[in-house]
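Below: the structure, in structure tokens.
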There are 2 protein chains.
Amino acid sequence: MQRKPIDILIVDDHPMVIEGLKTLLSDDERVSVKTHFINGTDTLSYLEKDTADVILLDVNLPDINGVEMVTKILNIRANVGIIGLSTYSEPSIINQMIKNGVKGYLLKNATADELVNAISQVQQGNFYFGSEVQKILADSVTQESTDLPKLTRREKHVLTLIAEGKTTNNIAEELFISPLTVETHRRNLMQKLEVSNAASLIKVAVEKKLI
Amino acid sequence: MQRKPIDILIVDDHPMVIEGLKTLLSDDERVSVKTHFINGTDTLSYLEKDTADVILLDVNLPDINGVEMVTKILNIRANVGIIGLSTYSEPSIINQMIKNGVKGYLLKNATADELVNAISQVQQGNFYFGSEVQKILADSVTQESTDLPKLTRREKHVLTLIAEGKTTNNIAEELFISPLTVETHRRNLMQKLEVSNAASLIKVAVEKKLI
DNA sequence: ATCAATATACTGGAAAACCAGTAGAAAAAA
DNA sequence: TTTTTTCTACTGGTTTTCCAGTATATTGAT
């Protein structure tokens, strides 16, 4: 029994990846690449008129970031399955993507087999994550929330300024607030992030990809 | 006059990139992809027995880093043209690659045209850099050496410890030296890296991929 | 063997960061 | 509207970093 092939949409700004995916998928008659886009905007406007079964979505698009893309896509087509694709594995991003509703996630070193597997699983409504991705997910559970203890907007702002190497006084000038206030923010940041100096603060900020 | 096609070697650990490159290059009869490898070791042992005209070399291989690969390849086959490939543009890496002898550098969002162009230029002994890469090179000239002003081994070590958020005294204990010495190192580091506090120091260290 | 670079260590003083506690105003949430 | 959170700001005291200059032992290179 030959079923209708799964319609695939590829979204990636790298021509060589697009071609690669098409080639890898062309050998398998269960899937059929419908079309491809090299940015988020075009993808979304396409989805307004037409749809697909599964979208292979590069996380690093030139215009819209991957996490937002997931939300926007599912807003338009709630039934489409999204598989995230990225070169490197960034726990926080992957976690956010999953929260927003991706059904699968693969690194770009995935094989054709993994790819087709992921697609058919996702099309059936299941989840599929590459082996490396699974490790990351496991880690992020053990480390009980890789994501940061909610910082306020102001705190994040101050944190980025600290990370830029600005001194308390510099920051105070830039934000038109008292240096004492800046210090309070820094103190609260250190407390929230459980560190004891500005250096560690930046280390954490870098780790959590805050800056 | 139909010349002998340029023999290409692809080195990349992403199946989809390999397939993509093959597809993109298959349309052009001036080039011919000889074979491909997914790691550095296999590539080098191949080059011991056989050669190619141009190597498309992914900078982020699983076993050997791109910069070293260039040196090793040219050690075996001095006449081969190497084109670096990477997803993101990292000035320091690109600069090092060029120093070590790559003849071209492209980001993975390069088009088929750019790719073939780069290959034929490099094969003729010329240089070819993608437009984004050229911008970076221009910037790094203006910023007079994006690469770090030689740090001593000890200084690098101290820098990493600072970046880990350790205090001067911690570091002193860890290295069995006086806190005053650690401070001197830190001072010299700040001078060399042209910053004025530990926070910036870490920022720079992160930027330069020292840690 | 000698010279240069590196790693080590100190003094002393100024500046900035760090700690603890408090508290009013503004904005957001209930 | 009331409550809570966030942003703001202060006092006062401790610790650490930052700056400038100096100096010796240990490497490494020629």
Side-chain angles (χ1 to χ4, degrees), chain A residues 68 71 96 99 145 147-211, chain B residues 71 96 99 144-145 147-211:
Chain A
E68 281 178 41
T71 321
Q96 282 181 67
K99 264 182 208 155
S145 89
D147 37 26
L148 33 126
K150 325 109 198 171
L151 302 183
T152 69
R153 214 177 320 164
R154 197 57 153 183
E155 284 169 343
K156 277 186 197 168
H157 194 180
V158 171
L159 178 54
T160 62
L161 293 175
I162 293 173
E164 281 167 22
K166 305 221 164 102
T167 122
T168 299
N169 283 326
N170 284 158
I171 296 170
E173 278 172 37
E174 194 166 326
L175 300 181
F176 302 106
I177 57 179
S178 156
L180 296 162
T181 306
V182 176
E183 224 182 291
T184 304
H185 285 309
R186 203 202 18 216
R187 227 165 59 205
N188 292 338
L189 280 167
M190 291 195 295
Q191 206 167 41
K192 284 188 182 177
L193 298 175
E194 293 172 329
V195 296
S196 59
N197 58 45
S200 316
L201 208 51
I202 290 167
K203 191 190 135 222
V204 174
V206 170
E207 277 172 7
K208 311 275 187 194
K209 313 238 182 291
L210 267 178
I211 54 174
Chain B
T71 320
Q96 282 181 69
K99 264 182 207 155
E144 50 195 275
S145 89
D147 36 27
L148 33 128
K150 325 108 199 172
L151 303 182
T152 69
R153 215 175 320 164
R154 195 60 153 180
E155 282 169 345
K156 276 185 196 168
H157 194 180
V158 171
L159 178 54
T160 61
L161 294 175
I162 294 173
E164 281 166 22
K166 305 217 163 107
T167 111
T168 299
N169 283 327
N170 284 157
I171 297 170
E173 276 171 39
E174 193 164 327
L175 300 182
F176 303 106
I177 57 179
S178 157
L180 297 162
T181 307
V182 176
E183 223 183 288
T184 303
H185 285 309
R186 188 171 31 101
R187 228 165 57 203
N188 293 336
L189 280 166
M190 290 195 296
Q191 206 167 39
K192 283 188 182 177
L193 298 176
E194 294 172 329
V195 297
S196 57
N197 58 47
S200 317
L201 209 51
I202 289 167
K203 190 191 136 221
V204 173
V206 170
E207 276 173 6
K208 312 275 186 192
K209 314 241 178 292
L210 268 177
I211 52 176

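In the text below, chain A, chain B and the rest are named by the order of the sequence lines, each starting its count at 1. In this text the structure is predicted, and so the values were computed from the model without any measurement. Note that these values count all heavy atoms, side chains included, but never hydrogens, waters or copies made by symmetry.
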In this structure, how many angstroms lie between the [atom2] atom of [N] and the [atom1] atom of [X], rounded?
X: A:Leu161; N: C:dA17; atom1: CG; atom2: P; result: 13 Å
X: B:Glu155; N: C:dA5; atom1: CD; atom2: P; result: 14 Å
X: B:Phe176; N: C:dA7; atom1: CZ; atom2: C1'; result: 17 Å
X: B:Ile171; N: C:dA7; atom1: CD1; atom2: P; result: 15 Å
X: A:Lys192; N: D:dT5; atom1: NZ; atom2: P; result: 11 Å
X: A:Lys156; N: D:dT6; atom1: NZ; atom2: P; result: 11 Å
X: A:Asn188; N: D:dA9; atom1: CG; atom2: P; result: 14 Å
X: A:His185; N: D:dC10; atom1: NE2; atom2: P; result: 13 Å

Working to the nearest 0.5 angstrom, can you tell me the gap between [X] [atom1] and [Y] [atom2]?
X: B:Thr71; Y: B:Gln96; atom1: OG1; atom2: CD; value: 9.5 Å
X: A:Arg154; Y: A:Asn188; atom1: CZ; atom2: CG; value: 13.5 Å
X: A:Ile162; Y: A:Thr168; atom1: CD1; atom2: OG1; value: 7.0 Å
X: A:His157; Y: A:Leu161; atom1: NE2; atom2: CG; value: 4.5 Å

| query | Would B:Thr160 and B:Lys156 satisfy side chain to side chain contact (heavy atoms under 4.5 Å, CB included), going step by step from the backbone distance to the final call? | reply | CA-CA 6 Å; B:Thr160 61; B:Lys156 276 185 196 168; 5.5 Å; no

| message | At 4.0 Å (heavy atoms only), tell me whether B:Ser178 reaches a base, stays on the sugar-phosphate, or touches nothing. | response | sugar-phosphate

| request: May I ask you to say what A:Ile177 touches in the nucleic acid, namely base, sugar-phosphate or nothing, with a heavy-atom cut-off under 4.0 Å? | output: sugar-phosphate

| remark: Exactly one of B:Asn169, B:Thr167, B:Leu175 clears side chain to side chain contact (heavy atoms under 4.5 Å, CB included) with B:Ile171, and that residue is B:Leu175

| query | Considering the terminal five base pairs at each end of the helix from C:dA1-D:dT30 to C:dA30-D:dT1, what angle separates the two local helix axes, rounded to 10°? | reply | 70°

| query | Which one, C:dA7, D:dA9, C:dT11, comes nearest to the side chain of A:Leu180? | reply | D:dA9

| request: Taking only the side-chain nitrogens and oxygens of B:Thr181, find out if one of them lies under 4.0 Å from OP1 or OP2 of C:dA9. | output: yes

| request: Give a yes/no on whether any side-chain N or O of A:Arg154 is located under 4.0 angstrom from OP1 or OP2 of D:dT8. | output: yes

| Is there a side chain to side chain contact (heavy atoms under 4.5 Å, CB included) between B:Glu174 and B:Val182 once you walk through the steps? | CA-CA 11 Å; B:Glu174 193 164 327; B:Val182 176; over 6 Å; no

| request: Provide the closest heavy-atom pair for B:Ser178 versus B:Ala172 in the form atom of the first, atom of the second, distance. | output: C-CB, 3.8 Å

| said: Quick check on A:Gln191: does its CD atom have over 12 non-hydrogen neighbours (other residues, nucleotides or ligands) under 6.0 Å away? | reply: no

Collect all protein-nucleotide pairs involving nucleotides 17-24 of chain D in which both atoms are nitrogen or oxygen and the distance is under 3.5 Å.
| from | atom 1 | to | atom 2 | distance (Å) |
| --- | --- | --- | --- | --- |
| D:dT17 | OP2 | B:Thr168 | OG1 | 2.7 |
| D:dC18 | OP1 | B:Ala198 | N | 2.7 |
| D:dC18 | OP2 | B:Arg186 | NH1 | 2.0 |
| D:dC18 | N4 | B:Glu183 | OE2 | 3.0 |
| D:dC19 | N4 | B:Glu183 | OE2 | 3.4 |
| D:dA20 | N7 | B:Arg187 | NH1 | 3.3 |
| D:dA20 | N7 | B:Arg187 | NH2 | 3.4 |
| D:dA20 | N6 | B:Arg187 | NH1 | 2.9 |
| D:dG21 | O6 | B:Arg187 | NH2 | 2.9 |

